[in-house]
S.K.: 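One structure, pasted below without further comment.
For clarity, every value in this text was computed on a predicted model and none was experimentally measured.
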Amino acid sequence: MKNDWDFSEELEDRRTHLVTVGHDSYCLQTLGGREVELARELNILYKDKDALALPFLRITHKSVNGKKSTYQKVMLPGYVFLFLPTGTEPSEIRRGGVSFHFVRNIEENDYVLHGNDKKYAQWVFNNGGIIGMSKAIRVNGRVRVISGPLFNMVGNIKEYSKKNRNCRIEVTLFNRLISMWLPFQWVEEVPEENKAQEESKEK
């Protein structure tokens, strides 16, 4: 589809170069629904530069009239990640047709991502902007991702869909609650006594 994200060989070359020279991660905010468009636009504007812009998508599935299919869904509406060689001033990035602004890091008083935010951005970077559904285990209503790019994220199970055989969980990302669906076959029960251990890890 036209709006689907494609991590091309050209973008892979940029990512490989950024791994070699080192990079800083940034977060851009734009209008919801313009994430893929903004990422494509920035990558075209900076085709001859080292910048790499990526949306934050995940592959999910749906069932229509008993027929299952997969599609891409924006995981963090209104946001795009930008990766620049270490030390590059973000002010050097000019605007195109899609409006956006850099998200400021209040604690560090700059625009570079730090801590967990930087780790999330790195997952997106490592996966080319599109993340498959990850396996998880259930801990008395809570889930912890045990493999895949969202490894060790913890959230709460909010609802089930028997028809699609999956469950919706909520996790915290950039101080916002983000929902994602996991198939039943990727959710396993764990003993009651493990709950205290999981809760202590979060403190």
S.K.: Could you tell me if the ring centre of Phe56 sits under 6.0 Å from that of Tyr79?
M.R.: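 Between Tyr79 and Phe56, which both carry aromatic rings, the centre distance is not below 6.0 Å.
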S.K.: Closest heavy-atom contact between Val98 and Arg34?
M.R.: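 So the two residues come closest at CG2-NH2, 3.5 Å.
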S.K.: In Å and rounded to the nearest 0.5 Å, what is the CZ to CD distance from Arg168 to Glu159?
M.R.: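 Those atoms lie 4.0 Å apart.
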S.K.: I need the minimum non-hydrogen distance between Tyr46 and Arg14, along with the two atoms involved.
M.R.: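 That closest heavy-atom pairing would be O-NH1, 3.2 Å.
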S.K.: Measuring from atom NE2 of His114 to atom NZ of Lys119, what distance do you get when rounded to the nearest 0.5 angstrom?
M.R.: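 Rounded to the nearest 0.5 Å, the NE2-NZ separation comes to 14.0 Å.
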S.K.: Taking the side chain as every heavy atom from C-beta outward, state whether Ile130 and Phe7 have any atom pair closer than 4.5 Å.
M.R.: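 Sidechains of Phe7 and Ile130: no contact.
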S.K.: Would you call Thr16 and Glu12 a side-chain contact if the rule is heavy atoms closer than 4.5 Å?
M.R.: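 Thr16 vs Glu12: side chains touch.
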S.K.: Indicate the ring-plane relationship of His23 and Phe125, choosing parallel, tilted or perpendicular according to the 30° and 60° boundaries.
M.R.: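 Answer is parallel, since the angle falls under 30°.
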S.K.: Where is the tightest heavy-atom contact between Asp50 and Pro85, given as atom of each residue plus distance?
M.R.: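 Looking at all heavy atoms of both residues, the closest pair is CB-CG, 3.4 Å.
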S.K.: Would you say Leu177 and Thr172 make side-chain contact, with heavy atoms under 4.5 Å?
M.R.: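 Counting from C-beta outward, Leu177 and Thr172 do come under 4.5 Å.
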S.K.: For Arg104, what residues pass the side-chain contact (heavy atoms from CB on, under 4.5 Å) criterion, not counting sequence neighbours?
M.R.: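 Asn109, Tyr111.
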S.K.: For the atom pair CG (Leu42) and CD (Glu37), what is the distance rounded to the nearest 0.5 Å?
M.R.: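 Result: 10.5 Å between the selected atoms.
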S.K.: If every non-hydrogen atom of Ala51 is compared with every non-hydrogen atom of Leu82, which pair is closest and at what distance?
M.R.: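 Minimum heavy-atom separation between Ala51 and Leu82: CB-CD1, 4.4 Å.
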S.K.: Quick one: CG on Asn175 to CG on Asp117, what's the gap to the nearest 0.5 Å?
M.R.: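 One finds 7.0 Å between CG of Asn175 and CG of Asp117.
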S.K.: Taking the side chain from Glu35 and the backbone from Gly33, do they hold a donor-acceptor pair closer than 3.5 Å?
M.R.: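 Judged by distance alone, yes, a pair lies under 3.5 Å.
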S.K.: Does any non-hydrogen side-chain atom of Leu11 lie less than 4.5 Å from one of Leu52?
M.R.: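 Side chain of Leu52 against side chain of Leu11, heavy atoms only: contact under 4.5 Å found.
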S.K.: Roughly how far, to the nearest 0.5 Å, is CG of Leu57 from NZ of Lys73?
M.R.: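 Spacing of NZ (Lys73) from CG (Leu57) equals 11.5 Å.
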S.K.: Closest approach of Trp5 and Gly128, non-hydrogen atoms and distance?
M.R.: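 So the minimum-distance heavy-atom pair works out to NE1-O, 2.7 Å.
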S.K.: Rounded to the nearest 0.5 Å, what separates atom CD in Gln29 from atom CG in Leu38?
M.R.: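 The CG atom of Leu38 is 11.5 Å from CD of Gln29, to the nearest 0.5 Å.
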S.K.: Membership question, hydrophobic clusters at under 4.5 Å side-chain separation (ILVMFWY): are Ile178 and Tyr71 in the same one?
M.R.: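 Each belongs to a different hydrophobic cluster.
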S.K.: Give me the ring orientation class for Phe83 and Phe81: parallel if the planes are under 30° apart, tilted from 30 to 60°, perpendicular past 60°.
M.R.: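 Aromatic pair Phe83/Phe81 classed parallel.
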S.K.: Quick one: does any side-chain atom of Glu170 pair with a main-chain N or O of Ser179 as donor and acceptor, under 3.5 Å?
M.R.: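 No; zero donor-acceptor contacts below 3.5 Å.
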S.K.: For the residue pair Ala121 and Leu113, what are the closest heavy atoms and their distance?
M.R.: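 Heavy atoms of Ala121 and Leu113 come nearest at CB-CD1, 3.7 Å.
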